Every structure is written in C-alpha cells, then in structure tokens.
Amino acid sequence: MNTGPTNTGPATTGSARIGTVDRERELRDNLERVRERVQAACEAAGRPAEEVTLVAITKTFPISDVRALAALGVRDLGENREQELKAKAPDCPEATWHFVGQLQTNKARSVVRHAQVVHSVDRSSLVAALSKAAVAEERVVRCLLQVSLASYGPDGAATGIARGGVEPADVPALAAEVAAADGLELGGVMAVAPLGADPRDAFAGLHAVASRLRSEHPGAGWISAGMTGDLEAAIWHGATHVRLGRALLGTRPPLG
Ligand SMILES: *Cc1c(COP(=O)(O)O)cnc(C)c1O
C-alpha cells in the first residue's frame, strides 16, 4: 500500500547502494534533516521536541538499513506488513517495534510476538484477536485506535478520501473494549491523512477525537500522525509520534 502523498519533502533519491558506507552516510544525513524538520515544527507549534517520537517505517528496505538506523540512535521502528515485521524485528530486539498496517485477525499472534505497539486497531474482532494473542504470548501490547478521517468542506460535504479506521463516533465504544481487554493497553489514536484534502483539517479533527478519548482514558495520550509529506501539520495539531519512511530511507523500491 502506498500511503504517502506525492510530496516527498527533503528525502533523497535513495541512490546509494544498500549496506555501503555511502548508504550509511545517506541515512545519517537524512536522519539529521528529519530531526531538524521535527525540531522546527515543534518550535513553530510551541512544543518541546521531546514530546515527539520519531518512528522509522522501514517497509521494503533491507535489514542493513534497519541496523544502520538503530546504530544512529533510532529506537522506534515500524512495519506495515506482518511478514516483514517478523523477518526484521528479531534482528533488532533492542528497538521498540510498531505495527502500522492493516491487520488480519489470523496474523495477530505473530504481530503480538514481534511488536510492542499496534497503531491500526480498527474493529472489535481485532481487539479480541490481539487480546487472545497477548495473553497467550504473555505480553502487554499498546494499542492505538486508527481513526478514519475525512475533511469536511464549508458545506459539510467530505472533501477527501478517508484512509481506513474506525469512525470518530465509534471511538468511545472501541476504546472501552480495548481498555477492558486482557493483555492490551489503550495508548491513544492514529490516523493517515485523507487523500486529496488538506491534512491540517484532518489532523485538527484527530486532535479533537484524541482529547475526548483522553478525558475518559487519561493514559491514552498518544497521537500517531504525520508522515514524510505532512509531519509539520501533524505536529502543529499535537502528534506525539510521527511515522516516517521516505524522509529517512529515500524513495521506496517497488513492492516485490
Ligand atoms: C509507509 C507508511 C508510513 C510512512 O510513509 P512515508 O510517506 O514514507 O513517510 C506511515 N504510516 C503508514 C501507516 C505507512 O504505511
């Protein structure tokens, strides 16, 4: 799934060969530029930079890149497919692994085994599957509810194409299920900005959903929002976790 807008920000072309000294230098430069972007966005929003955690989304990139990012001090890594998660996570056990993709219930056990945070909880059946898996694996999994965001024009009509998740009106009920489930911990919300709309409107809406959630569940303060093309808008609207792929790793190779 290509979830990014076409704007690639200051990402490089990813031209250096993987596993080489040049590639390590490229990753270091990208990371430095991303940290400057996050810092500038935090300053603009009047927020301390420590409030924002950078999650490197390493999908489609090789384990050598994952190791290089970890060596550069990136502690949070993410994947959007179970197969890639289980292939990479054991090679980098010191990292906190995040699962950010659509999740089928039959993959819940594997994801729970390898990831500490699941950003894409969007339905009751998945809550049940994750809870069962967490109990079986004797782990506690932090769950973020993926919220479906459309932007609304002045006439109230949706202007963007929503990217999946639970409708805002259904968040309280799903949150209560997660909060009551064994082995799960309610962490907050996640969203992907809608296609073809201003991400600022969407992230403002997400912030409102997140505030309501936190008033009922004080421990659920995470807002996972912002990717390479829209991290500034997300940080402006309170993102605590930005999920960055291309800005760090360059243009993704085509899915094989
Ligand atoms: C791929 C992906 C990202 C990273 O997107 P970039 O535009 O490469 O920064 C973030 N979130 C999710 C859910 C993704 O699948």
Side-chain angles (χ1 to χ4, degrees), residues 1-14 26-27 29-38 41 52-62 65-66 69 74 76-85 87-89 95-104 107 111 114-115 117-123 126 142-149 160-166 187-197 199 202-203 206 222-235 237 239-256:
M1 180 177 63
N2 175 13
T3 46
T6 49
N7 168 19
T8 57
T12 68
T13 58
E26 182 172 71
L27 293 175
D29 291 348
N30 289 350
L31 181 60
E32 199 168 308
R33 253 174 286 147
V34 161
R35 285 186 172 143
E36 283 165 10
R37 256 180 97 184
V38 169
V52 178
T53 299
L54 198 163
V55 183
I57 306 298
T58 51
K59 64 188 185 200
T60 75
F61 288 96
D65 281 355
V66 177
L69 286 174
V74 175
D76 292 84
L77 300 167
E79 286 291 336
N80 75 332
R81 292 173 168 207
E82 174 265 344
Q83 279 222 313
E84 270 195 89
L85 174 73
K88 290 174 186 169
T96 297
W97 282 91
H98 299 249
F99 186 78
V100 302
Q102 270 203 349
L103 181 50
Q104 295 167 264
K107 304 279 172 64
V111 164
H114 297 291
V117 188
V118 175
H119 291 228
S120 44
V121 176
D122 60 355
R123 61 196 189 281
L126 183 56
R142 194 163 173 88
C143 292
L144 308 185
L145 304 186
Q146 182 171 353
V147 180
S148 173
L149 298 176
I161 302 169
R163 310 287 289 279
V166 59
V189 294
M190 174 273 213
V192 179
L195 284 173
F203 292 146
L206 181 67
W222 288 12
I223 301 178
S224 167
M227 313 195 306
T228 291
D230 55 22
L231 77 88
E232 285 81 6
I235 287 174
H237 288 291
T240 62
H241 292 70
V242 289
R243 308 179 308 270
L244 302 178
R246 291 166 301 149
L248 284 169
L249 292 140
T251 309
R252 272 187 283 284
L255 290 173

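Note that this is a predicted model, so its numbers are computed, not measured. For ligands, and for the atoms within them, numbers begin at 1 and follow the listed sequence.
- Note that CG of L85 and OG1 of T58 are 9.0 Å apart. Values are rounded to the nearest 0.5 Å.
- When T228, T251, V55, V192 are checked for heavy-atom proximity to atom 6 (P) of ligand 1, T228 turns out nearest.
- Side-chain atoms of L249 and L27, non-hydrogen and from C-beta on, do get closer than 4.5 Å to each other.
- For ligand 1, the atoms lying closer than 4.0 Å to a non-hydrogen atom of N80 are 15 (O).
- For atom 2 (C) of ligand 1, the choice among R243, K59, M227 with the nearest heavy atom turns out to be K59.
- Taking the six-membered ring for Trp, H114 and W97 have ring centres at least 6.0 Å apart.
- Remark: ligand 1 atoms within the under-4.0 Å shell around heavy atoms of G245 are 4 (C), 6 (P), 8 (O), 9 (O).
- Although no hydrogens or angles enter the test, the distance criterion places no donor-acceptor pair under 3.5 Å between the side chain of D122 and the main chain of G165.
- Counting the atoms of ligand 1 from 1 in the order shown, those under 4.0 Å from a heavy atom of L244 are 9 (O).
- Side-chain contact check for I57 versus N80: every heavy-atom pair is 4.5 Å or farther apart.
- To the nearest 0.5 Å, atoms CD (Q102) and CD (E82) are separated by 14.0 Å.
- Using a 4.0 Å cut-off between heavy atoms, H119 makes no contact with ligand 1 at all.
- Annotation: V100 places no N or O atom under 3.5 Å from an N or O atom of ligand 1; distance criterion only.
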